[in-house]
Amino acid sequence: MTIPIRFEHAEAAAELIEAWDAAGCNQASVNPNKKPFSIVIPPPNVTGALHLGHGLNNTLQDIVVRTKRMQGFETLWMPGTDHAGIATQAVVERRLKELENKSRHDLGREQLVERIWAWKDQYETRILNQLKRMGCSCDWQRTRFTLDPICAAAVRATFFDLFRQSLVYRGKRLVNWDTFLQTAVSDDEVFNETKKGHFYHIYYNVIAPKPGEPRRVEIATTRPETMLADTAVAVHPDPAAAFAKLESEAISKLTAATEKEKADCQAELDAILKRRDEMLVSLEQLRDMALDGRMLQLPLVGREIPLVADLWAKPEMGSGCVKITPAHDPNDYEVGLRCGLPMLNMLNPDGTVNAEGGKYEGLTIPQARKRVVEDLEAIDQLGDVEDREIELPHSDRSKTPIEPYLADQWFVKMDTLAQSAMDAVSDERVKIFPERYRKGYLDWLGEKRDWPVSRQLWWGHRIPIWATHGLTEVAATDLVARVRMLPAHAAGEVLEREEAGEDGTRTVMVCLRQENETLEGEVEALGLVRDCDVLDTWFSSALWPHSTLGWPEKTAELDYFYPTSTLITSRDIITLWVARMVLMGLNNVGKIPFSEVFIHPKILDGQGETMSKSKGNGVDPIDVIDKFGPDAMRFGLARLATETQDVRMPVQYECPNCEKLIDQTPKNRSLPRIDCQHCGKPFSTQWAELDEDKLLIKGAVVSDRFETARNFVNKLWNAARFALMNFEGYTSEKIDVASLPLEDRWILSRLSTVTRQVTEAIERYQFADASGCLYNFAWDEFCSFYVEIAKPRLSDETQRATAQRVMAHVLDTLLRLLHPITPFVTESIWKHLGEAAPIRGLGEPAAANAFVMTAAWPVSDT
RNA sequence: GGGCGCUUAGCUCAGUUGGUUAGAGCAUCUCGUUUACACCGAGAGGGUCGGGGGUUCGAGUCCCUCAGCGCCCACCA
């Protein structure tokens with residue numbers, strides 16, 4: 001038998017992926033004779049290709065999945081991808097702008113969505129191919145997409161059900177408005193930038209002040225132009241109490257302070273007392289005026305606005321009074337709700353001032369600010385203007401400032417849903433590992449903030465609501481009656497709700513349970529118009545564990561594989577995703593979605609920064625696989641996946657000319673071309689844009705951290721190669737362990753211990769321990785000791801047969817144990833071993849399984 | 001501002017309930033073409049375990065404190 005001296009992973013992997021697939025090794029089906037084990041993949045975003053972070057996530061899942069499969073469970077790993085709402089739409093829109101200089105409005109909704117589908121198809125293919133090449137043993141026939149018809153049906157059924165329970169409602173909310181892209185962006189797509197600005201003090205006149213009362217009140221703001229939409233000025237309802245509280249806090253801080261801090265704390269306390277002495281009387285007077293219903297006159301506009309008492313006005317800040325602009329500031333919005341203030345929107349979607357701004361209409365924000373300040377100064381109502389550093393929110397997509405903008409949004413009411421998800425973790429029906437992540441989950445849910453689920457986007461699940469606004473009571477009643485007459489209404493496919501609008505008119509809303517063009521036509525014929533918005537991406541992600549199994553249909557798969565067994569994911573989406581899956585699973589199916597959650601570390605680059613394509617430090621698993629092989633990538637990642645540490649992974653460019661590695665630095669990681677420091681020849685990077693750069697060969701981005709693992713894979717290959725070269729004349733026979741020589745009994749005993757350790761480590765998600773244990777055993781004990789000591793026995797005719805049998809058995813077991821981590825090399829060796837020693841094992845030897853992948857997991861006898 | 005984590009060899013990381021001389025891989029140096037493997041083997045150098053204090057017969061490990069790094073959440077008229 002001739003076996004190459006190196007494990008040729010590229011050929012082997014391609015063949016094995018096909019062979020496993022052809023044999024249906026990854027496929028799972030309902031099997032009453034077996035216990036189920038199921039995992040749903042955290043669906044990668046179709047925004048772009050996978051990097052090593054995904055490599056780690058999916059390697060760990062595959063290790064668990066392959067182990068469980070070998071342990072005899074009917075094992076399902078559900079694959080799929082996520083449409084990733086705004087992220088994907090933004091990528092496609094940006095390309096549209098760059099390549100064709102068009103906005104989404106130039107294309108229109110339908111065409112843009114079509115373009116995004118094309119993008120999705122391209123990246124979904126790429127992502128699935130990356131996963132396959134990593135060796136992920138997903139049931140590919142079940143591959144889902146969060147926007148596919150199966151997931152869409154679940155989304156519709158969920159929304160319909162929440163609508164029926166009145167757990168979903170419509171309300172106003174301030175959204176982060178990107179005036180350039182003219183869309184709302186989510187909080188995590190907003191970054192703050194500190195800029196130089198001013199803090200303007202402005203005076204508002206009191207209307208008909210009583211004797212002794214001030215003529216005007218002072219407020220301060222960094223955004224004076226928003227005064228045009230002010231609807232109140234607030235003052236604290238109990239300044240004395242507020243100061244008392246501050247004082248007692250400062251005192252307790254002072255008592256607890258170290259010698260070093262004492263001076264600072266004392267100064268802080270003194271400042272509070274000084275301010276109280278100066279301000280308390282006038283603030284209490286203003287408070288009394290507020291309670292007395294005194295009105296102020298808004299300068300420049302002339303509108304009368306009330307002075308109100310509200311906790312938001314902090315006596316220790318500014319002048320102690322704060323202007324309230326409910327439609328353009330999140331906190332003011334809350335005040336507006338509490339005090340029942342009107343919400344005046346002064347902006348057009350493009351960020352210019354609208355008709356509410358009177359003579360300032362049509363100006364941009366900076367223009368309006370300048371004019372308002374000038375005009376206030378002219379009428380002598382402008383006070384001090386201080387310089388100040390201001391943190392200004394910017395849109396990550398357009399890099400322009402965000403405007404808080406009041407818009408109609410749909411919300412999911414969280415109180416009972418959140419409580420159910422908290423209970424599931426509190427009483428350990430859902431266990432989170434490592435345990436320290438429980439706190440974040442419980443704290444976040446504990447706030448029970450309603451979940452805004454609508455997004456002003458085109459890419460996503462459209463909200464299944466049709467509505468007519470501005471109806472008279474009679475017209476509304478009539479419309480409701482007509483809706484109820486639809487045959488689908490009787491069939492439970494239609495729900496309607498009538499609401500009073502702000503201006504006393506009525507709104508009728510209709511929710512449809514399923515996609516149905518005919519029915520939609522009928523509804524639209526009644527004058528109802530479909531909501532333009534789509535749902536938050538996490539809405540469909542939250543359903544992933546049951547939607548992928550066919551819910552709301554009562555499928556056999558759902559019954560068998562749900563709840564899934566475990567969820568393996570990254571820590572940054574514990575709240576956004578994990579928590580929501582728990583509450584939606586409980587609401588929809590009535591059962592938790594998974595009983596265990598394992599949170600794995602993150603992969604950072606050599607500088608300690610998270611990997612991302614936009615930084616240029618993202619490593620494509622395919623590049624690592626090409627250079628080191630899929631087993632080395634998997635083993636290397638598993639070896640580093642410890643419980644407490646993030647994985648720091650220095651990254652290098654591989655020169656395509658001389659194959660030498662060049663360290664990546666913050667400087668060179670964004671260059672379009674690099675001259676190799678070893679061979680002097682240039683190569684291009686992902687940033688190449690000029691034609692002359694693009695003509696160069698592209699250098700892969702890899703990490704030399706995988707060398708150790710690659711060497712290990714090769715070591716194993718060669719140890720097996722040695723064994724196989726010595727298996728000529730192999731025969732099988734029952735082995736009496738007690739009569740074996742010491743070295744055999746020793747290795748068997750060690751094997752048993754290692755089997756137990758590896759099994760337990762994987763059970764506890766201690767992947768670094770499992771791989772470390774196997775590394776040491778295979779290299780130091782099996783290769784360095786046992787193989788060496790077997791050499792003379794293999795050339796001694798009297799001992800040869802026994803040595804072969806034990807060797808075959810040990811190798812067999814080692815391959816099984818290593819298979820979940822390094823599936824390709826083990827399966828390749830297994831095939832050779834099957835040819836050389838088809839019948840093997842201690843006790844009663846038996847014919848080996850065709851694939852190690854579906855062979856039985858070893859059981860330890862210690 | 002609140003919470004969590006981290007700091008051990010040049011680099012990336014282990015180090016169980018405190019217990020001999022603190023480990024591994026890579027890198028470095030020396031030697032080695034013994035028929036599985038140079039992606040190998042034998043050996044060497046390299047650490048006051050971030051700083052300081054404490055508990056203890058004994059601290060990398062427990063407590064306090066200072067400093068630095070990272071992440072999550074909240075907020076700043």
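Labels below follow one simple rule: chain letters A, B, ... track the order of the sequence lines, proteins then strands, and each chain is numbered from 1.
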Name all residues meeting the side-chain hydrogen bond (donor to acceptor under 3.5 Å, both in side chains) criterion together with Glu781(A); count only those two or more places apart in sequence or in a different chain, and write none if there are none. Arg750(A)
Measuring only the C1' atom in each nucleotide, how far is G50(B) from G5(B)? A whole number of Å is fine. 16 Å
Starting from P on A27(B), measure out to CG on Asp663(A) and report it in whole angstrom. 13 Å
Quick check on Glu435(A): does its CD atom have over 12 non-hydrogen neighbours (other residues, nucleotides or ligands) under 6.0 Å away? no
If you measure from the P atom in A44(B) to the same atom in C26(B), how many Å do you get, rounded? 16 Å
When the ring planes of Tyr765(A) and Phe433(A) are compared, do they come out parallel, tilted or perpendicular, using 30° and 60° as the limits? tilted
Integer angstrom distance from the C1' of G2(B) to that of A77(B): 22 Å
Spacing between Arg571(A) atom CZ and C71(B) atom P, to the nearest angstrom: 9 Å
When rounded to whole Å, the CD1 to P distance for the pair Ile603(A) and C13(B) reads 10 Å
Kindly check if the number of other-residue, nucleotide or ligand heavy atoms within 6.0 Å of CD (Glu760(A)) is above 12? yes
What are the two closest non-hydrogen atoms of Met581(A) and Ser541(A), and how far apart are they? CG-O, 3.7 Å
In whole angstrom, give me the gap between the P atoms of C39(B) and A24(B). 22 Å
Can you name the residues that form a side-chain hydrogen bond (donor to acceptor under 3.5 Å, both in side chains) with Thr59(A), not counting sequence neighbours? none
Can you check the distance between G25(B) and C6(B), where both ends of the measurement are the P atom (answer in whole Å)? 25 Å
Picking from U12(B), C26(B), C4(B), which would you name as closest to the side chain of Arg436(A)? C4(B)
Give Phe7(A) one of three labels, base, sugar-phosphate or nothing, depending on what nucleic acid heavy atoms sit under 4.0 Å from its own. nothing
Between Thr221(A) and Arg639(A), which is nearer to the 5' end of RNA chain B once each is assigned its nearest nucleotide? Arg639(A)
Mind checking Trp444(A) for me? I need base, sugar-phosphate or nothing, with any heavy atom below 4.0 Å counting as a touch. nothing
For nucleotides 35-39 of chain B, tabulate all protein N/O to nucleotide N/O atom pairs closer than 3.5 Å, reporting atom names and distance.
{"unit_1": "A36(B)", "atom_1": "OP1", "unit_2": "Lys791(A)", "atom_2": "NZ", "d": "3.4"}
{"unit_1": "A36(B)", "atom_1": "O3'", "unit_2": "Arg721(A)", "atom_2": "NH1", "d": "3.4"}
{"unit_1": "A36(B)", "atom_1": "O2'", "unit_2": "Asn718(A)", "atom_2": "OD1", "d": "2.6"}
{"unit_1": "A36(B)", "atom_1": "O2'", "unit_2": "Arg721(A)", "atom_2": "NH1", "d": "2.5"}
{"unit_1": "A36(B)", "atom_1": "N7", "unit_2": "Lys791(A)", "atom_2": "NZ", "d": "3.4"}
{"unit_1": "A36(B)", "atom_1": "N6", "unit_2": "Cys783(A)", "atom_2": "O", "d": "3.4"}
{"unit_1": "A36(B)", "atom_1": "N6", "unit_2": "Glu788(A)", "atom_2": "OE2", "d": "2.8"}
{"unit_1": "A36(B)", "atom_1": "N3", "unit_2": "Asn718(A)", "atom_2": "O", "d": "3.2"}
{"unit_1": "A36(B)", "atom_1": "N3", "unit_2": "Ala719(A)", "atom_2": "N", "d": "3.2"}
{"unit_1": "C37(B)", "atom_1": "O4'", "unit_2": "Asn718(A)", "atom_2": "OD1", "d": "3.0"}
{"unit_1": "C37(B)", "atom_1": "O2", "unit_2": "Lys715(A)", "atom_2": "NZ", "d": "3.0"}
{"unit_1": "C37(B)", "atom_1": "N3", "unit_2": "Lys715(A)", "atom_2": "NZ", "d": "2.8"}
{"unit_1": "C39(B)", "atom_1": "OP1", "unit_2": "Arg6(A)", "atom_2": "NH2", "d": "3.0"}
{"unit_1": "C39(B)", "atom_1": "O4'", "unit_2": "Asn711(A)", "atom_2": "OD1", "d": "2.9"}
{"unit_1": "C39(B)", "atom_1": "O2'", "unit_2": "Asn714(A)", "atom_2": "OD1", "d": "3.3"}
{"unit_1": "C39(B)", "atom_1": "N4", "unit_2": "Arg6(A)", "atom_2": "NH1", "d": "2.7"}

Writing each nucleotide of RNA chain B 5' to 3' as (, ), [, ], | or . by Watson-Crick or G-U pairing under 3.5 Å yields (((((((..((((.....[...)))).(((((.......))))).....(((((..]....))))))))))))....
Is any side-chain N or O of Arg449(A) closer than 4.0 Å to OP1 or OP2 of A74(B)? yes
Determine the Euclidean distance between corresponding P atoms of U65(B) and G58(B); express it in Å to zero decimal places. 23 Å
If the P atom of U61(B) is compared with that of A9(B), how far apart are they to the nearest Å? 15 Å
Taking NZ in Lys831(A) as the centre, count heavy atoms belonging to other residues, nucleotides or ligands within less than 6.0 Å. Is the count above 12? no
Could you tell me the separation between the OH atom of Tyr441(A) and the P atom of C71(B), rounded to a whole number of Å? 25 Å
Report yes or no: is the cationic atom of Lys791(A) (NZ for Lys, CZ for Arg) closer than 6.0 Å to the six-membered ring centre of Phe722(A), at no more than 45° off its axis? yes
To the nearest angstrom, the CD-P distance between Glu435(A) and C4(B) comes to 14 Å
Which is true for Val713(A) with a 4.0 Å heavy-atom rule: it touches a base, it touches only sugar-phosphate, or it touches nothing? nothing
Closest-nucleotide mapping onto RNA chain B: is Lys323(A) or Leu604(A) further toward the 5' terminus? I mean the 5' end. Leu604(A)
Nearest non-hydrogen partners of Thr325(A) and Thr226(A), listed with the distance: CG2-O, 3.4 Å
With sequence neighbours excluded, tell me which residues meet side-chain contact (heavy atoms from CB on, under 4.5 Å) with Thr575(A). Trp444(A)
One thing to verify: whether Asp572(A) and Lys602(A) come together as a salt bridge, which I'm taking to mean a side-chain N less than 4.0 angstrom from a carboxylate O. yes
Using a heavy-atom cut-off of 4.0 Å across all strands, would you classify Lys314(A) as base, sugar-phosphate, or nothing? base
salt_bridge(Glu225(A), Arg223(A)) N-O dist < 4.0 Å: yes
Rounded off to whole Å, could you give me the CG-to-P distance for the Leu661(A) and C11(B) pair? 19 Å
Give the rounded distance in Å between these two atoms: CG of Leu640(A) and P of C26(B). 14 Å
Can you tell me how far C1' in A42(B) sits from the matching atom in U34(B), rounded to whole Å? 12 Å
Heavy atoms of Ser828(A) and Phe7(A) approach each other most closely as OG-CE1, 3.4 Å
Pairs under 3.5 Å (N/O, protein and nucleotides 30-33 of chain B):
none

Rounded off to whole Å, could you give me the CG-to-C1' distance for the Asp704(A) and G10(B) pair? 14 Å
